[in-house]
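Notes follow the structure.
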Protein chains: 2
Amino acid sequence: MNLPETIKRPTLHEELVERLRNLVVEDALKPGEKVPEKELCESFGVSRTPLREALKVLASEGLVVLQANRGARVARVTRKELEDTFPVIAMLEQLAGELACQNLNDAEIARIEKRHDAMVKAYKARDRKTYFQANQDIHNALIDGAKNELLESHHRMLAVRVRRARFMVNLSEERWAEAIQEHEQMMEKLRDRDVTGLGQLMKTHMMNKFAAHIKALDLASEDSAESRTLS
Amino acid sequence: MNLPETIKRPTLHEELVERLRNLVVEDALKPGEKVPEKELCESFGVSRTPLREALKVLASEGLVVLQANRGARVARVTRKELEDTFPVIAMLEQLAGELACQNLNDAEIARIEKRHDAMVKAYKARDRKTYFQANQDIHNALIDGAKNELLESHHRMLAVRVRRARFMVNLSEERWAEAIQEHEQMMEKLRDRDVTGLGQLMKTHMMNKFAAHIKALDLASEDSAESRTLS
DNA sequence: TGACTGAATTATGAATTCATAATTACGTTT
DNA sequence: AAACGTAATTATGAATTCATAATTCAGTCA
């Protein structure tokens, strides 16, 4: 039996931060929309105090925007914001790749390979949902593998933005195939413990993803006149 | 007359986030210390509600630690945390250097050179306070020069940690001279618009700073037995 | 004396209340 | 009818109150 592990009792506002973040990321609360304080309080069965505390935290993460005396709105996902996000996240992934190569043990790498195989399988079955999950698991495992809490937390904050953007563009068949290729290469580098190699790959992987997103956005914006902000 | 500029009316809790953050960064609230909710409310002349909202935000930044039903404590600065911080901040500075080289115009670069000269002057006069301020201004100007809000905000969060650590170690004469040298080189690269060059320099500059910090910490910890956490 | 028990006190999380800013609805005027 | 001004309503920020968990302290017993 493995002992202690400090009992986790999530305080109300932490729970709410989680839930609200999910509502935003899963696109249940749409960008630009006003956050319905009253309704949310009722549906969660809590008073305004903890909910507002949670909103403050979400605001500091940039997921909602607070306007003095006018409540909170879900932050819009602008093109500029996406353009800003990717270079930063790419750098973090590069660093994560380098550190993960150094820190992961063989068993951990084997576990990642398993997820990788599952992802490839999902790709072949064109099972988007499973693919996305496995993909996210792999990236998270590599980030965790860096064993750097700061890196992890900052990456998580940025990844939320990208995940949010996922709802706006759809993965093209070409990009999907390309992404799988890149992941294959990443696994190779990881097996070989090629520190700078994996870092480099993860960076370019992210920048390619970025390019695909922007391309998809440009295609999408051909339809609508107001292409400055998305959705 | 240049128009709009949305009127800034800081809400109470934002103001408090600022103030509290300063208390932590300026080491008025010592690491590990309990945050005296009551006293702070009185001294700021506000009720607990906005102060607690501010604490939640500070907690999400990692500056304080919340314990359920036991209030907030100022986060301890551990060695591991510093070791985690620097590589991340170094990557961000590298990216900032690259982007700043591309985005800054001649006038902006000239302004940075002015600050650089002021910094060198402060160095020669051994005026630590002025030096630190000018140094910080330069770094901030380069970060701002990247014109990337995400980069900026994440950098700011991490920089706070380093600034906090400044109170624990003292800049050695050798490292000080070295840092000035590095800054001279940085200005050169900036003038030459050497994108990758400046990026590289800023990264190593930060890692050198890191090494100096760690070295100073090791020297300091020789004195005290409880060297696992600092202060 | 020193460790334990339990009551008193204090601190904390969360609900509620209150004052005010923002929004809406309505009436007036042209 | 459209535009403006004003009153009613609602939403919001912040103070206050309340219930409960944590801490302190006094008293008891070994």
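In the text below, chain A, chain B and the rest are named by the order of the sequence lines, each starting its count at 1. Any value given below was found using the heavy atoms of this structure, including those in side chains, with hydrogens, waters and symmetry copies removed. Here the structure is a predicted model, which is why all the values come from computation and not from measurement.
One atom, CD of B/E53, and another, C1' of D/dA15, lie 12 Å apart when rounded to the nearest Å. Residue A/R73 contributes atom CZ, which lies 10 Å from atom P of D/dT12 at whole-angstrom precision. Atom CG in A/L55 sits roughly 10 Å away from atom P in D/dT12 (whole-Å rounding). As a whole-Å value, the separation of B/L40 CG from C/dT12 P is 11 Å. One can place CG of B/L51 at 14 Å from C1' of C/dA11, the figure rounded to the nearest angstrom. The separation between A/N69 atom CG and D/dT10 atom P is 18 Å, rounded to whole Å. Regarding A/E14, its CD atom lies at a distance of 9 Å from the P atom of C/dA14, rounded to whole Å. Taking atom NE2 of A/H13 as the reference point, atom C1' of C/dA15 lies 17 Å away to the nearest angstrom.
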Expected list for residues 145-158 of chain A: side-chain donor-acceptor pairs under 3.5 angstrom, two or more places apart:
from, atom 1, to, atom 2, distance (Å)
A/N148, OD1, A/L150, N, 3.1
A/N148, OD1, A/L151, N, 3.0
A/N148, ND2, B/D84, O, 3.0
A/E152, OE2, A/R156, NH2, 3.4
A/S153, OG, A/L150, O, 3.3
A/H154, ND1, B/H154, ND1, 2.8
A/H155, NE2, A/E93, OE2, 2.7

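Counting heavy atoms from C-beta on, the side chains of A/F210 and A/V162 never come closer than 4.5 Å. Considering only heavy atoms from C-beta on, B/N22 stays 4.5 Å or farther from B/R19 through its side chain. For the pair B/L66/B/K56, a side-chain contact is recorded, criterion being any heavy-atom separation below 4.5 Å from C-beta on.
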Return one dot-bracket line describing DNA chain C 5' to 3' (Watson-Crick or G-U wobble pairs, both distances under 3.5 Å; ( ) same strand, [ ] crossing, | another strand, . none). ||||||||||||||||||||||||||||||
Report, one pair per line, the protein and nucleotides 16-19 of chain D atoms (nitrogen or oxygen only) whose separation is under 3.5 Å.
from, atom 1, to, atom 2, distance (Å)
D/dT16, O4, B/T49, OG1, 3.2

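The line from CG of A/L51 to CD of A/E53 is 9.5 Å long, rounded to the nearest 0.5 Å.
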Can A/M91 and A/L95 be said to form a side chain to side chain contact (heavy atoms under 4.5 Å, CB included), step by step? CA-CA 6 Å; A/M91 284 306 247; A/L95 177 58; over 6 Å; no
I would like to know whether A/I112 and A/L104 meet side chain to side chain contact (heavy atoms under 4.5 Å, CB included); could you show each step before the answer? CA-CA 10 Å; A/I112 293 176; A/L104 287 173; 3.7 Å; yes
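Between D/dA11, C/dA11, D/dA21, one nucleotide has an atom nearer to the side chain of B/K34 than all others, and that is C/dA11. For A/P50, taking side-chain heavy atoms from C-beta onward, the closest of the listed nucleotides C/dA11, D/dA21, C/dA14 is C/dA14. Out of D/dA22, C/dA22, C/dA14, the shortest distance to the side chain of B/R70 is found at D/dA22. Taking every side-chain heavy atom of B/E37 into account, C/dT12 is the closest of C/dT12, D/dA15, D/dA14.
Annotation: of the two residues near DNA chain C, B/G71 and A/V46, the 5′-most nearest-nucleotide partner is B/G71.
Using a distance-only test at 3.5 Å, with no hydrogens or angles considered, no donor-acceptor pair links the side chain of B/Q136 to the main chain of B/Q133. No donor-acceptor pair under 3.5 Å is formed between the side chain of A/T11 and the backbone N or O of A/E14.
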